[in-house]
Amino acid sequence: MPNEITRISELKNNVDQIRTIGGWVYHSRPGGKVIFLVVRDGSGLCQCVIEKEKISEELFAQLKKLGTESSLTITGLVKKDDRSVGGYELAVSDAKVLCESVDYPITPKQHGIDFLQKNRHLHLRSQTPWCIGKIRHTLVNAIRQFFNDNGFTLIDTPILTGIIGEEAGSLFNVDYFGDTAFMTQTGQLHLECAALSYGKVYCFGPTFRAEKSKTRRHLTEFWMVEPEVAFIDLPGLLEIAENFVSFIVQKVLRDNRAELETLGANIAALEKITPPFYRLTYTQASEILTSKKTQDFLANQLNEFKAAKQEIENKIVALETEAKDAVKQWRQDKIASELIDLRSELAELETKIENNPKHAKLAAEFQWGKDLGGSDETIISLMHDKPIFVTHYPREAKAFYMKQDDENPKVVRNFDMLAPLGFGEIIGGSMREDSLDNLMDKIKEHGYKLENYQWYLDLRRYGSVPHGGFGLGVERTLAWLTGEKHIRQCIAFPRMMDKILL
RNA sequence: UCCCCGAUAGCUCAAUCGGUAGAGCGAGCGGCUGUUAACCGCUAGGUCGUAGGUUCGAAUCCUACUCGGGGAGCCA
C-alpha cells in the first residue's frame, strides 16, 4: 500500500493524474450533493471534492458523516485550484475509510490551555504544534550542522550524575542502587574533560531542573546544546555564540518561512539577526536599569498599555450596545465571539499593567552585586532589536567554576545572551576557572566537598588551558523564533513543575 | 516558599442591583453543487470546583480547601 500513496506535498507534481492520498479528516463541509473534505497527511492539507454522482450512494453517505480525524485513503484526479487550501485539490472517485472517529475532542473553535495540555497526544495533530515541531526539526539540524561544520566533535555526556554542576536543591534525585544520583542539569563538567582531548566539543541532549518555577520560560525537562572550547577567551566565545545564533536563525528563515508565517512570527525582526550583537557589561546593564531613561521607557510602556486597554474597553462597550439593537442573529453571534476575544486581550493587558510598576520598582532599586532578574532581562531585551550579550557579572552571583576576571576580581568572565524584543535569556556561558588554586578556593567557599571534584580538579593539574563554553536552550530559542508566548508549546510533551500528564 | 487571577453544558464564554441558567461551537436529525472556523431549521445536553456560612432567596457576598493560570525567587 505505501507505494500507492502520494504525499499531499507531492500533489503539485501529479496534476491531472489519478492519485491516492492517505490521511486524516481535518475538516468537513458536507452539502446535499457535494462534500468538501479537507484531509491532512502530515505533509500538508488537501481539499477533496466529492460529488454525489461520481461515487456509490453508500460511500457518499459514509463520507458525509465522517468525523474529524477519521483516517482514510482517498483517490481522485489531482487538479490545480486556487480556491483550495494548498492550491491543489482532489476530484474524488474512490475512498476507503480505515477508522471512523466519533466525537473528536478538539474542535475548530478555541480551547483553553488546560484542555489542550490534557489532550496533548491529540493536540500534536493541530496546526500550531505541527508548525512548531517542523521548525524545531530545522533548528536541531542547524545546531548540529553549525558545530559539525566548524570542527567540533560531538560528546554524549551522562544523564545520571554523581557530581553537581551548580547549586544543589534544584536537581532531581534518583535512587542509584541505594545511593543518591542526580539527573544532569548540565553536561559542562564532563564536557570540559573532552575539550582537553578534542579541543572543540559539544554535547546535545535533555537536561533536568527541579526548580519550582511556574513561568512561561521554564520546563523541568528541556533540551540544551553546550559547546566547550580550549584555547579561547571571552571575546572569542561571544563571536562563536553570535555566529551560531545568526546561523540557526537564517536556516529557519530559509526552510520554514511558511510555518513562521502561519504562526504569526515576527519575520522582519528575525531577518535583522546578523553579527555583531550588542555587548554590555553587567555594570553597564545595571546602570541602564537604574537610569531615568529606563524609568521613562517603562512609564511610557505603561501609558501605551493603558491606552490600549481603554481602546479595548471602548470597543467592548460599542459592541455591547450594538448587540442590544442588532436584530440579525448572525450579527449577534459575531459580536459574541468578538467580545470573547476582546475580553481575553483585556485580561492580558491588565496583567501587564499590574506587573509594569513591580518591574519598574525592581529595576530602579537594582543594586550592583545581585543577579539580573527575569524582569530586568526583559527590560534590557525590550530596549534592543538584536540579541544582547551581558558580560562580567559579580562573582558572588555566579557559579563556582566561572573564571575570575584578572583586572577586576569582583567579577567573572561570563556572559548571558538575551534574545531581543522582550524575550530574554537564551544562552548562559563563561570562561572556566583554569587555575587549580583558585578553583579549590571557590569549591571550598561554596561549601562543596573537595573529594567529589578530584577528577574535575585533575583537568587543572594536567595541562590546564584557558577554556570556556556556553549552553543554549532549545525550547527558549524556539519560543523566541516562533513568537510563542510559552515554551510548553515548544516541546512535544512538556514537563512542568508538578505536572507530568502524558 | 510568597503575591495576583480564575473555576458555570463536551469546548470557549455570558448572566445588570443577590431574584432561581444563556449563546456559539461540538453532538443528533433535516435542507443546500464551490464551501474556506460555510450557511439555514429543529433536538438533546447543567448538583454553577468542594465544604461550610450570611440571607426570605446565592452562580453572584464571606471563610476554608482542591485544582488550574500568571508572576517573584532561581534559571536555558
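Just so we're on the same page: letters track the sequence lines, and every chain starts at 1. Bear in mind the structure is a predicted one, so any value in this text is a computation, not a measurement.
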So does R488(A) get a side-chain nitrogen or oxygen closer than 4.0 Å to the phosphate oxygens (OP1/OP2) of G70(B)?
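Yes, because at least one side-chain N or O of R488(A) sits under 4.0 Å from OP1 or OP2 of G70(B).
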Below 4.0 Å: OP1/OP2 of C74(B) and any side-chain N or O of R209(A)
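For C74(B), neither OP1 nor OP2 has a side-chain N or O of R209(A) closer than 4.0 Å.
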Mind checking the [atom1] distance from [N] to [M]? Whole angstroms is fine.
N      : M      : atom1 : answer
U16(B) : A59(B) : C1'   : 14 Å
G45(B) : C11(B) : C1'   : 13 Å
A15(B) : U55(B) : P     : 28 Å
A9(B)  : C25(B) : C1'   : 12 Å
C48(B) : U43(B) : C1'   : 24 Å
A51(B) : C13(B) : P     : 25 Å
A44(B) : A7(B)  : C1'   : 25 Å
U47(B) : G22(B) : P     : 15 Å

Gap between atoms [atom1] and [atom2], on [X] and [N] respectively (whole Å):
X       : N      : atom1 : atom2 : result
D114(A) : C13(B) : CG    : C1'   : 15 Å
I379(A) : G71(B) : CD1   : P     : 14 Å
F115(A) : G6(B)  : CZ    : C1'   : 19 Å
Y88(A)  : U36(B) : OH    : P     : 23 Å
Y393(A) : C74(B) : OH    : C1'   : 13 Å

Under the 3.5 Å Watson-Crick or G-U criterion, the dot-bracket string of RNA chain B, with | for inter-strand pairs
(((((((..((((.....[..)))).(((((.......))))).....(((((..]....))))))))))))....
With the threshold set at under 4.0 Å for non-hydrogen atoms, list the residues of [range] touching RNA chain B in residue-number order.
range                       : answer
residues 412-428 of chain A : E425(A), I426(A), I427(A), G428(A)
residues 359-366 of chain A : none
residues 116-124 of chain A : none

Please determine, for the side chain of E354(A), which listed nucleotide (A72(B), C75(B), C4(B)) has the closest atom?
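In terms of side-chain proximity for E354(A), the closest of A72(B), C75(B), C4(B) is C4(B).
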Side chain of R217(A) only, heavy atoms from C-beta on: which candidate in U1(B), C75(B), G70(B) is closest?
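Of all the options, the side chain of R217(A) is nearest to C75(B).
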Hey, does [X] reach any base, or is it just sugar-phosphate, or nothing, if we go heavy atoms under 4.0 Å?
X       : value
S213(A) : base
S375(A) : sugar-phosphate
K358(A) : nothing
G374(A) : base

When rounded to the nearest 0.5 angstrom, what distance separates [atom1] in [X] from [atom2] in [Y]?
X       : Y       : atom1 : atom2 : value
L289(A) : Q367(A) : CG    : CD    : 12.5 Å
F366(A) : S286(A) : CZ    : OG    : 6.0 Å
H486(A) : I113(A) : NE2   : CD1   : 7.5 Å
T128(A) : L263(A) : OG1   : CG    : 6.0 Å
Y88(A)  : D82(A)  : OH    : CG    : 9.0 Å

Using the test side chain to side chain donor-acceptor pair (under 3.5 Å), find all partners of E433(A) that sit at least two apart in sequence or belong to another chain.
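Here no residue qualifies.
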Can you name the salt bridge (Lys or Arg N to Asp or Glu O under 4.0 Å) partners of K485(A), sequence neighbours left out?
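Result, salt bridge (Lys or Arg N to Asp or Glu O under 4.0 Å) vs K485(A): E348(A).
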Salt-bridge test for K80(A) and D16(A): reply yes if a basic N is under 4.0 Å from a carboxylate O, no otherwise.
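No salt bridge links K80(A) with D16(A).
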NZ/NE/NH1/NH2 to OD/OE distance under 4.0 Å, E475(A) and R136(A):
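Answer for the salt bridge query: yes.
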Enumerate the residue pairs fulfilling salt bridge (charged side-chain N to carboxylate O under 4.0 Å, His left out) with a member in residues 55-66 of chain A, sequence neighbours excluded, ordered by first and then second residue.
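Residue pairs with at least one partner in residues 55-66 of chain A: there are none.
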Would you state whether a donor and an acceptor, one from the side chain of H218(A) and one from the base of C75(B), lie under 3.5 Å apart?
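Such a pair exists between side chain and base.
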Look at the aromatic rings of [X] and [Y] and report parallel, tilted or perpendicular, splitting at 30° and 60°.
X       : Y       : result
F400(A) : Y448(A) : perpendicular
W368(A) : Y282(A) : perpendicular
F146(A) : F247(A) : tilted

Using the test side-chain contact (heavy atoms from CB on, under 4.5 Å), find all partners of K361(A) that sit at least two apart in sequence or belong to another chain.
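If we apply the side-chain contact (heavy atoms from CB on, under 4.5 Å) test to K361(A), skipping adjacent residues, the hits are E365(A).
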Apply side-chain contact (heavy atoms from CB on, under 4.5 Å) to V85(A) and list each qualifying residue two or more places apart in sequence or on a separate chain.
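Only V38(A), L45(A) meet the side-chain contact (heavy atoms from CB on, under 4.5 Å) criterion with V85(A).
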For ring pair (Phe, Tyr, Trp, His ring centres under 6.0 Å), just list the numbers for F244(A) and F147(A), CA-CA rounded to whole Å, side-chain angles, deciding distance to a tenth of an Å, and then say yes or no.
CA-CA 8 Å; F244(A) 168 57; F147(A) 292 117; 4.8 Å; yes
Who passes ring-ring contact (aromatic ring centres under 6.0 Å, His included) against F415(A), sequence neighbours left out?
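If we apply the ring-ring contact (aromatic ring centres under 6.0 Å, His included) test to F415(A), skipping adjacent residues, the hits are F389(A), F470(A).
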Could you name each residue pair satisfying side-chain hydrogen bond (donor to acceptor under 3.5 Å, both in side chains) that touches residues 28-37 of chain A, not counting sequence neighbours?
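Checked against side-chain hydrogen bond (donor to acceptor under 3.5 Å, both in side chains) - neighbours excluded - the pairs reaching residues 28-37 of chain A are R29(A)-Q47(A).
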Within the 4.0 Å limit for protein heavy atoms, which parts of nucleotides 29-35 of chain B are touched? Write it as a string from 5' to 3', B for base, S for sugar-phosphate only, - for none.
S--BBBB
